[in-house]
Number of protein chains: 2
Amino acid sequence: MKAAQPRSTCPISFMLDIFGDRWTLLVMRDLLLNGKRSFSEFLASDEGVATNILTDRLEMLVDRGVIVKDVSPDNKSKFLYYPTARGVDLIPVLCEITLWAEKYSPAGASKAFTGPLKKQRQQTIAKLKKKFG
Amino acid sequence: MKAAQPRSTCPISFMLDIFGDRWTLLVMRDLLLNGKRSFSEFLASDEGVATNILTDRLEMLVDRGVIVKDVSPDNKSKFLYYPTARGVDLIPVLCEITLWAEKYSPAGASKAFTGPLKKQRQQTIAKLKKKFG
DNA sequence: CCGGATCCGTTTCGATACTG
DNA sequence: CAGTATCGAAACGGATCCGG
């Protein structure tokens, strides 16, 4: 399957591919907030993405310059994905989404993460970003 | 058409209905940042949503308690949509998304909006929220 | 006019099974 | 481990119709 193409010519179509798609959003969450790196790690998330969908979204994100794909240093048939600078810049967005979800989701969210974020927003985001420096 | 149901049982499925759907996100952008209120205004956006899709998403957002639907004071056969408290709380998220889009989208974004936002983030968000107080 | 509802052809998604 | 192939299900868009 080919990577999804933008479905609109408006200036923000670029953005809708990421924030207007469930699976893309989950991949970025796992990559940026949960420290996941490999295909199998993304696949293991509770939301249960299908393999072809995951392949498609990763390809699209590479295409958009949001992540890069590298061969694992210790296993030649394993790939690792890393955020680019524009990928790292999504961290504040994901943090805001998480805070909103924690506030209103009936099931709540991980207080271990949102606790520090609420108290020291800028510092917590900076710390997250630093991981990818 | 019935309103879309959550496609996952994870605690954040609630959030994915909004940030994981292209049309929902566009409706909230128009409602919160562009001051749109009515069906026909949402329909007129550049992205070109179909009437049945718009109906479905508005219904879903009402269902989730993110917006409310009211009869227009000056036209009994016209409806207006307003954000609830949890809808207003999406403003920071949309602002972050917009800032990111402006930074990286090839076509850029409206400087009139992102200019003040970059310089005085909290104040600009507070001002936007105040509109719905 | 406004806000939908409904039908329908087409596209896209996504779960599963299978493969390099 | 990291994907492809297949195929049924769902979403989409467009047009059209309807009630107020």
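Below, chains carry the letters A, B, ... as their sequence lines are ordered, and counting in each starts from 1. Being a predicted model, the structure only gives us computed values, none of them experimental.
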- A:Lys69 NZ/CZ over A:Phe79 ring centroid, <6.0 Å and within 45° of normal: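 Judged by the rule (NZ or CZ under 6.0 Å from the ring centre, within 45° of its axis), A:Lys69 counts as positioned above A:Phe79.
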- Kindly indicate whether a cation-pi arrangement holds for A:Lys36 with A:Phe42, taking the cut-offs as under 6.0 Å to the six-membered ring centre and within 45° of the axis.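 Here A:Lys36 fails the 6.0 Å and 45° test against A:Phe42.
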May I have the distance from [X] (atom [atom1]) to [N] (atom [atom2]), rounded to whole angstrom?
X: A:Met60; N: C:dG14; atom1: CE; atom2: C1'; answer: 16 Å
X: B:Leu80; N: C:dG4; atom1: CG; atom2: P; answer: 11 Å
X: A:Asp56; N: D:dA2; atom1: CG; atom2: C1'; answer: 15 Å
X: A:Trp23; N: C:dC13; atom1: CH2; atom2: C1'; answer: 10 Å
X: B:Arg22; N: C:dT11; atom1: CZ; atom2: C1'; answer: 14 Å
X: B:Glu41; N: C:dG4; atom1: CD; atom2: C1'; answer: 16 Å
X: A:Leu26; N: C:dG14; atom1: CG; atom2: C1'; answer: 14 Å
X: B:Asp74; N: C:dC2; atom1: CG; atom2: P; answer: 12 Å

- Query: Rounded to the nearest 0.5 Å, how far apart are CG of A:Leu33 and CE of A:Met28?
  - Reply: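 Rounded to the nearest 0.5 Å, the CG-CE separation comes out at 9.5 Å.
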- Message: Could you check whether any side-chain N or O of B:Ser72 sits under 3.5 Å from a backbone N or O of B:Leu80, counting only pairs where one atom can act as donor and the other as acceptor?
- Response: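 Pair absent, no side-chain N/O of B:Ser72 close to backbone of B:Leu80.
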Within less than 4.0 Å of OP1 or OP2 of [N], is there a side-chain N or O belonging to [X]?
X: A:Arg57; N: D:dG3; value: no
X: B:Tyr81; N: C:dG4; value: yes
X: A:Thr55; N: D:dA2; value: no
X: A:Lys78; N: D:dG3; value: no

- Query: Going by an N to O cut-off under 4.0 Å, is there a salt bridge joining B:Lys103 and A:Asp89?
  - Reply: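 So B:Lys103 pairs with A:Asp89 through a salt bridge.
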- Query: In terms of side-chain geometry, is the basic nitrogen of A:Arg29 or A:Glu47 positioned less than 4.0 Å from the acidic oxygen of its partner?
  - Reply: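 Looking at A:Glu47 together with A:Arg29, the answer is yes, because their closest N to O distance falls below 4.0 Å.
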- Item | Chi angles and distances behind the side-chain hydrogen bond (donor to acceptor under 3.5 Å, both in side chains) call for B:Asn75, B:Ser77 | CA-CA 6 Å; B:Asn75 181 345; B:Ser77 74; 3.2 Å; yes
Considering only nitrogen or oxygen atoms on both sides, find all protein atoms under 3.5 Å from nucleotides 14-20 of chain D and state each distance.
from   : atom 1 : to      : atom 2 : distance (Å)
D:dG14 : O6     : B:Asn52 : ND2    : 3.3

